[in-house]
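The next block holds one structure in the form of structure tokens; read it before the comments.
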Amino acid sequence: MSLIPYSRQSIDDTDIYSVIEVLKADLITQGNKISQFELLITRYCDCKYAVVFNSGTSALHASYFACGLSQKDEFITSPITFVATSNAGLYLGAKPVFVDVEHDTANIDTSKIEEKITSKTKLIVPIHYAGHPVDLEKVHEIAKKNDLFVIEDACHALGAQYKGNKIGSCKYSDMTVFSFHPVKHITTGEGGAVLTNNKDYYEKMLMFRTHGITKKDFINEPDGEWYYEMQFLGYNYRMTDIQASLGISQLKKLDRFVKRRREIARFYDMEFTDNPYFDIPPERQYASSSYHLYTIRLKDEFKHKKKEIFSKLKEKRVGVQVHYIPVYWHPSYQGMGYERGICPMAEDFYQRQLSIPIYPSIKDEDLKCVTQGIKDVFNEL
Ligand SMILES: *Cc1c(COP(=O)(O)O)cnc(C)c1O
């Protein structure tokens, strides 16, 4: 019997037909599926503009570029995230400054942001870890007081809500970034998007996605109808219409996907509440999590047995994973001079954390196998 993964895509026949439809059309890239997908995302999130990209990472890069982040600047983020969050700032020569996390949500500890703000700080990038929203009102308040941009790394949080507002509405931020990697809520194979209510950022990102090229508002006199102009250095970060069509089809099922993820989370909560081995993930009053991950935290007596627990769970088909190694522990970051110990809560979280399987298409018998496997492994320790 094969491993039950911590996450995977949920693709059905209608998704497959949506891809075939584009493969038979005239344009398989740079066609009209892109703007259709973008329009549907803005509607879903209740936001004005969306720009889709070929990955969540390129979407992050574009959003940081749009707010003008450059080599003179620092930006604040937290270390319990995928390396892309801070890497995207490094692409622009800016310096990531890591703020420690809350011990239970692993979201940025908003009470520790202000002490890290300097005259060079330009941007705060909170991550809605596991799909549980950060307290955005607090981040917004700090940003306003200190004249900083806020970009939400919402790669875990499509379909989540903060105080009744969809993540992606950008009510408390300048921009919000999503990923459509297969483990995320909806997929386009690889893909990502930035949402914003600001027209200038929107237009800058459209150009950034395609080499910094524009076909309007020229600087030079146009030579003829063929004319286009490159006005700054951009990239080829375009999504294909094949992917956008899959995205459109997937988006129709998003509410169902999120509902199912929340059902699975409630099932795990019931199975594991008050157990002596690990803590289950919290959900704050202001939050409705979209449960990209279901994260358990080993209690003191068990955190030193994580390696053993991890391999024993895998032997029982439970495809656990660890999210994440603190970003600045990676050799590349150590080489830039970040030292261990700068975010003790994040490091402690890393020692305790395990992600257990959660995805909409998980079968009931596999869910039972997961809960039984977990109970057996801990009882046999
Ligand atoms: C997945 C993810 C990304 C990057 O997305 P890709 O689509 O894989 O490039 C960035 N940040 C976080 C928190 C993620 O989970």
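All of these numbers come straight from a predicted model, not from anything done at the bench.
The side-chain heavy atoms of His211 and Asn236, taken from C-beta on, include a pair separated by under 4.5 Å. Taking 4.5 Å as the limit, some side-chain heavy atom of Tyr162 sits within range of a side-chain heavy atom of Asp135. Using a 4.5 Å heavy-atom threshold, the side chains of Ile117 and Ile142 count as touching. Counting heavy atoms from C-beta outward, Tyr17 and Ile20 have side chains that approach closer than 4.5 Å. Two residues are said to be in side-chain contact when any heavy atoms from C-beta on lie closer than 4.5 Å; Ile28 and Thr240 fail this criterion. The side-chain heavy atoms of Ile151 and Val177, taken from C-beta on, include a pair separated by under 4.5 Å. Counting heavy atoms from C-beta outward, Asn107 and Ser78 have side chains that stay 4.5 Å or more apart. When side chains are defined from C-beta on, Asn220 counts as touching Tyr227, because their heavy atoms get closer than 4.5 Å.
Residue Lys252 holds its NZ atom at 7.5 Å from OG1 of Thr14, rounded to the nearest 0.5 Å. Atoms CG and CZ, from Asn32 and Phe37 in turn, are 14.0 Å apart once rounded to the nearest 0.5 Å. Rounding to the nearest 0.5 angstrom, the gap separating the CG atom in Leu27 from the NZ atom in Lys33 is 11.5 Å. Taking CG from Leu92 and NZ from Lys72, the interatomic distance works out to 11.0 Å, rounded to the nearest 0.5 Å. A distance of 6.5 Å separates NE2 in His323 from NE2 in His156, rounded to the nearest 0.5 Å. Rounding to the nearest 0.5 Å gives a distance of 5.5 Å between CD1 of Ile124 and CD1 of Ile76.
Under the 6.0 Å distance and 45° angle rule, Lys306 counts as a cation-pi partner of Tyr350. A cation-pi contact, defined as under 6.0 Å to the ring centre and within 45° of the axis, is absent between Lys184 and Phe178.
Side-chain N/O atoms of Asn197 and Tyr202 include no donor and acceptor closer than 3.5 Å. If you check the side chains of Tyr333 and Ser86, you find a donor sitting under 3.5 Å from an acceptor. Under 3.5 Å, the side chains of Tyr291 and Glu263 contain no donor-acceptor pair of N or O atoms. Side-chain contact, Thr210 with Arg238: a donor N or O sits under 3.5 Å from an acceptor N or O.
A tilted orientation is assigned to the rings of Tyr268 and Tyr294, their planes being inclined by 30° to 60°. Aromatic ring orientation, His185 versus His292: tilted (interplanar angle from 30° to 60°). Between Phe232 and Phe65, the ring planes are tilted. Angles from 30° to 60° get that label. Ring pair Tyr201/Phe149 is perpendicular by interplanar angle, where above 60° counts as perpendicular and below 30° as parallel. His140 and Tyr172 have perpendicular rings, their planes meeting at more than 60° on a 0 to 90° scale where under 30° would count as parallel. Ring geometry, Tyr324 versus Tyr129: the interplanar angle exceeds 60°, so the pair is classed perpendicular (tilted spans 30 to 60°).
By the salt bridge (charged side-chain N to carboxylate O under 4.0 Å, His left out) test, Asp223 is found to be paired with no residue, residues two or more places apart in sequence or in another chain being considered.
Closest non-hydrogen pair, Leu148 versus Asp174, comes out as O-OD2, 4.5 Å. In this structure, Asn165 and Ser169 approach most closely via the heavy-atom pair CB-OG, 3.9 Å. Taking each heavy atom of Val134 and His128 in turn, the nearest pair found is N-ND1, 2.9 Å. Contact detail for Asn198 and Thr196: the closest heavy-atom pair is N-OG1, 3.1 Å. Shortest non-hydrogen contact noted between Ala94 and Pro96 is O-CD, 3.6 Å. Across Ala88 and Thr57, no two heavy atoms sit closer than the pair CB-O, 4.3 Å.
Taking the charged nitrogens against the carboxylate oxygens, Lys312 and Glu380 have no contact shorter than 4.0 Å, which rules out a salt bridge. Between Asp366 and Arg317 a salt bridge is recorded (basic side-chain N to carboxylate O distance below 4.0 Å). By the 4.0 Å N-to-carboxylate-O rule, Asp348 lies close enough to Lys303 to be salt-bridged with it. For the pair Glu38 and Arg209, the salt-bridge criterion is met [side-chain N within less than 4.0 Å of a carboxylate O]. Salt bridge Asp364/Arg260: present, at least one basic N to carboxylate O contact under 4.0 Å.
Cluster membership for Leu3 and Tyr6, using ILVMFWY side-chain heavy atoms within less than 4.5 angstrom, is not shared. The hydrophobic clustering, which links ILVMFWY residues whose side-chain heavy atoms are closer than 4.5 Å, places Ile11 and Phe257 apart.
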Problem - Residues Asp153, Thr85; criterion side chain to side chain donor-acceptor pair (under 3.5 Å); working and verdict - result: CA-CA 7 Å; Asp153 182 338; Thr85 315; 2.8 Å; yes

Exercise for the section: Please test Val322 against Leu354 for side-chain contact (heavy atoms from CB on, under 4.5 Å), starting from the C-alpha separation and ending with a verdict. Expected result: CA-CA 5 Å; Val322 172; Leu354 287 168; 4.1 Å; yes

Problem - Verdict with supporting geometry, Thr118 and Glu74, side chain to side chain donor-acceptor pair (under 3.5 Å) - result: CA-CA 8 Å; Thr118 72; Glu74 295 177 357; 3.0 Å; yes

Practice task
Output, in order, the C-alpha distance, side-chain angles, deciding distance and verdict of side chain to side chain donor-acceptor pair (under 3.5 Å) for Glu152 and Ser173.
Solution key: CA-CA 7 Å; Glu152 299 168 59; Ser173 68; 2.5 Å; yes

Practice task
Please assess Gln353 against Thr295 for the test side chain to side chain donor-acceptor pair (under 3.5 Å), listing each intermediate value before the final yes or no.
Solution key: CA-CA 6 Å; Gln353 190 274 341; Thr295 273; 3.1 Å; yes

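Checking side-chain atoms of Ser7 against main-chain N and O of Val183 turns up a donor-acceptor pair under 3.5 Å.
When the shell of 6.0 Å around NZ of Lys116 is examined, it contains more than 12 heavy atoms from other residues, nucleotides or ligands. The number of heavy-atom neighbours closer than 6.0 Å to NZ of Lys171, taken from other residues, nucleotides and ligands shown, is 12 or below. For Lys163, the NZ atom is densely surrounded, since the number of other residues' heavy atoms within 6.0 Å is greater than 12. More than 12 heavy atoms of other residues, nucleotides or ligands shown are found within 6.0 angstrom of NZ on Lys299.
A side chain to side chain donor-acceptor pair (under 3.5 Å) with Tyr328 is found for exactly one of Glu339, Arg340, Glu347, namely Glu347. Paired with Glu271 under the rule salt bridge (Lys or Arg N to Asp or Glu O under 4.0 Å), one option of Lys375, Lys368, Arg266 passes, and it is Lys375.
Not less than 6.0 angstrom separates the ring centroid of Phe278 from the ring centroid of Phe302. Ring centroid separation for the pair Tyr235 and Tyr91 does not come in under the 6.0 Å cut-off. Remark: aromatic rings of Phe208 and His61 are close, center separation under 6.0 Å.
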